[in-house]
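Remarks on the structure that follows.
For clarity, every value in this text was computed on a predicted model and none was experimentally measured. Per chain, numbering begins at 1; letters A, B, ... match sequence-line order.
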There are 2 protein chains.
Amino acid sequence: MAAVTIKDVAKRAGVTVTTVSRVLNNRGYISEATREKVYRAMKELNYQPNEIARSLLRRRTNILGIILPTVAHPFFSELAFFIEYYAYEYGYKVMLCNSQLDQKKEKEYVEMLRANQVDGIIMASHTLEVDEYLSLKLPLVTFDRQIAPDVPFVSSDNYLGGTLATNLLIDRGCRKIAHICGNLRLNMLANQRNKAFVATAQARKVEYVTVETDLNVFDMRQYDTLVLRLLEEHPDVEGIFAGSDVIAASVIKICHQRKKRIPEDIKVVGYDDVSIASFLTPQLTTIRQPIEDMGRLAVELIHKQINKEAVTVENVLPVTLVERETT
Amino acid sequence: MAAVTIKDVAKRAGVTVTTVSRVLNNRGYISEATREKVYRAMKELNYQPNEIARSLLRRRTNILGIILPTVAHPFFSELAFFIEYYAYEYGYKVMLCNSQLDQKKEKEYVEMLRANQVDGIIMASHTLEVDEYLSLKLPLVTFDRQIAPDVPFVSSDNYLGGTLATNLLIDRGCRKIAHICGNLRLNMLANQRNKAFVATAQARKVEYVTVETDLNVFDMRQYDTLVLRLLEEHPDVEGIFAGSDVIAASVIKICHQRKKRIPEDIKVVGYDDVSIASFLTPQLTTIRQPIEDMGRLAVELIHKQINKEAVTVENVLPVTLVERETT
DNA sequence: CATTTTGTGTCAAACGCTTGACATAAAGAA
DNA sequence: TTCTTTATGTCAAGCGTTTGACACAAAATG
């Protein structure tokens, strides 16, 4: 109701709105005395400049959209945390969108974000046609997928991650290994992990098998049945390279139920190194993605684009093997 | 650059902006023919009404602020997911804020949200003075704390949760039990769990001990050392009631390291039943909070307040005991 | 003393949209 | 025929800011 505006402040301080606006935006000449008066009036009236009005005029909102499959998944929840963290440092607010990898929803979100004049969109979910993104004419950053030659993306070194994991399993003596990964039909850079898995297994002459999830890799409810099926169909696997730490958790659990000892009977390598990885029992060996760096970088790339600065398109961050107790 | 406005659409369709606005907002008389013309023009120009301009006029943004300690914590990540999910159903967008339980940050977020004219704020972090919230004069919903007699809050039945967990541990034969909980100095309804724990232990004449976390309960890095200390100082505890599933995960891990068998030597009950609870090994017995319902309810309460509808202030949802393998 | 710098004011346009007031005209109903 | 309903248009104000143009005066500088 209050709806105290710049006019009220001006009246209270006995100056004009122009003057108030000047102190607010630090332009033109302002004496300490009036500056004080204005600040006092703002305090007394509990005034906050209306960012909506400002945005309209400036044609800039300082809002970033972030679209991801689901923030309920540990990887994205940590990523979202860091994105928001650094966005805040840069002075941006964050609008959160969970697409659930649903095209219709994602499309609606994209349109909504445009209608709300966000300054840029960070996309960790990209189920639409490339054109739909490009026609936005908005600063964009994608995760784990390159949608166009000039749209920067951030990812980590998936191929190396796959190689590291596979080699480790083989080094530890596994003679048959499996890779549980996301759906390979989706055009994601994470598919490189499977490429590396296959290449490494072949090069080292080890039997291998690949299991893909549903289209929605991040629907955690499917993991148990998937793992169960793998173990039924391939009772002789000795090493499993999981597509994420959550999938690895499922593997550990199912193995435990079936009295397969980890790491004695089956060795497991996860992916991501989200914080639960080290809370599991036994603690999970995993490929660490630098989630914080990825989040920071994404924000930085959006920020630079917003300010018309040049950006590098390919941003592939290093991964590291974190060996704990499951190998 | 495009910045296609309602004027461009009007020109293209050969009508006035008033007419375009009418079809956009469904008011006044519009023939099918012009409606069509207008829609076609909008399509051709790839027009999206500028929500900022609309918001300014309507004095309503359809944006909800949500402040929580950190979306990186599984409980809040799931809660945030559901809040966003239902907010979207109601036509709201969500601005995400991670306060990290830092007063300064929370204060800045609150001011930011007000400046951005959000229609309401859902607060799962409330470290400020009550007045600071009330002076906002904004629809508010809090989680797990009542800040004023007329500010609705949603929580689950913490006392019952504490009772169920404690009784279960005792029923399973524990003769000394511990409760690891958040800092009791914080004015949170979750403290009821400890009340229940103490009352139940006393009533049933079982030895008990309470361990509090740092002020920031949701900083997961402290859990291991906390649990370790508990086990050192009280090597004879036979049952642990953890303040969250993540803390329980830490307990499981540390026990495993110290060769304490679960549930044979030590029994564990978690809290929340976030999805990782069932991914742990052994699967975690826990007190289930209805996170989805809590999220939905919070949105509903905000929505009603925005529309000046009456709301019930106390919204305490039921908890249930989910017994799995750690008891 | 003349000039420049500093401080403040007035005024009005603009951002993109909605909305009310009012006018006009054609089609249908009485 | 007259009245009402339907369909469209014109015009202008307003949402809360920012900003440029311009004016004026006091203080500082030369």
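Of all nucleotides listed (C:dT18, C:dG16, D:dT19), D:dT19 comes nearest to the side chain of A:Ser21. Comparing C:dG16, C:dG9, D:dT17 by their nearest atom to the side chain of A:Val15 picks out C:dG9. Comparing D:dT8, D:dT19, C:dG16 by their closest approach to the side chain of A:Asn25 singles out D:dT19. Among the nucleotides C:dT8, C:dT18, D:dT17, the one closest to any side-chain atom of A:Tyr47 is D:dT17. Side chain of A:Leu57, nearest nucleotide from C:dT8, C:dA14, C:dC17: C:dA14.
Residue B:Lys105 places its NZ atom among more than 12 non-hydrogen atoms of other residues, nucleotides or ligands, all under 6.0 Å distant. Within 6.0 Å of CD on A:Glu129 lie no more than 12 heavy atoms contributed by other residues, nucleotides or ligands.
Of the side-chain N and O atoms in B:Thr19, none sit less than 4.0 angstrom from OP1 or OP2 of D:dT8. When the side-chain nitrogen and oxygen atoms of A:Tyr29 are compared with OP1 and OP2 of C:dG7, none of them lie within a distance under 4.0 Å.
The nearest heavy atom of DNA chain C to B:Arg22 and to B:Leu56 marks one nucleotide each, and the one closer to the 5' end goes with B:Leu56. Comparing B:Thr16 and B:Arg58 by the nucleotide of DNA chain D whose heavy atom lies nearest to each, the residue mapping closer to the 5' end is B:Thr16.
B:Asn116 has its CG atom 15 Å from the P atom of D:dG16, to the nearest Å. In this entry the distance linking CG of A:Asn26 with P of C:dG7 reads 13 Å, nearest Å. Across the protein-nucleic acid pair, B:Lys7 atom NZ and D:dT10 atom P stand 14 Å apart, rounded to whole Å. Atoms CD (A:Glu36) and C1' (C:dG7) sit 16 Å apart, rounded to a whole Å. Atoms CD (B:Glu32) and C1' (C:dA27) sit 17 Å apart, rounded to a whole Å. Summarising the geometry, the separation between CD on A:Gln117 and P on D:dT17 is reported as 19 Å, rounded to the nearest angstrom. Going from atom CD of B:Glu51 over to atom P of C:dC15 covers 19 Å, rounded to whole Å. Atom-to-atom, CZ of B:Arg54 to P of C:dC17 comes out at 8 Å; the value is rounded to the nearest Å.
Evaluation of the ring pair (Phe, Tyr, Trp, His ring centres under 6.0 Å) rule for A:Phe153 yields no partner, not counting sequence neighbours.
For the side chain to side chain donor-acceptor pair (under 3.5 Å) with B:Thr127, the lone residue among B:Glu106, B:Lys107, B:Gln100 that qualifies is B:Glu106.
Each end of the helix from C:dC1-D:dG30 to C:dA30-D:dT1 gets its own rotation axis from five pairs of C1' atoms, and the angle between them is 30° to the nearest 10 degrees.
Nucleic acid contact class of B:Ile52 (heavy atoms, under 4.0 Å, all strands): none. Heavy atoms of B:Ser55 sit nowhere under 4.0 angstrom from any nucleic acid atom.
Side-chain N/O atoms of B:Thr18 and base N/O atoms of D:dC11 include a donor-acceptor pair closer than 3.5 Å. The base of D:dC15 has none of its N or O atoms less than 3.5 Å from a complementary donor or acceptor on the side chain of A:Thr5. In this model, no side-chain donor or acceptor of B:Arg59 finds a partner on the base of D:dG16 within 3.5 Å.
A side-chain N or O of B:Thr16 and one of B:Thr19 form a donor-acceptor pair less than 3.5 Å apart. A:His303 and A:Tyr86 share no side-chain donor-acceptor pair at under 3.5 Å.
Note: B:Tyr88 and A:Tyr109 meet the aromatic proximity criterion, with ring centroids under 6.0 Å apart.
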Listing, residues 293-302 of chain A side-chain donor-acceptor contacts under 3.5 Å, not counting sequence neighbours, or none:
from, atom 1, to, atom 2, distance (Å)
A:Asp293, OD1, A:Arg296, NH2, 2.6

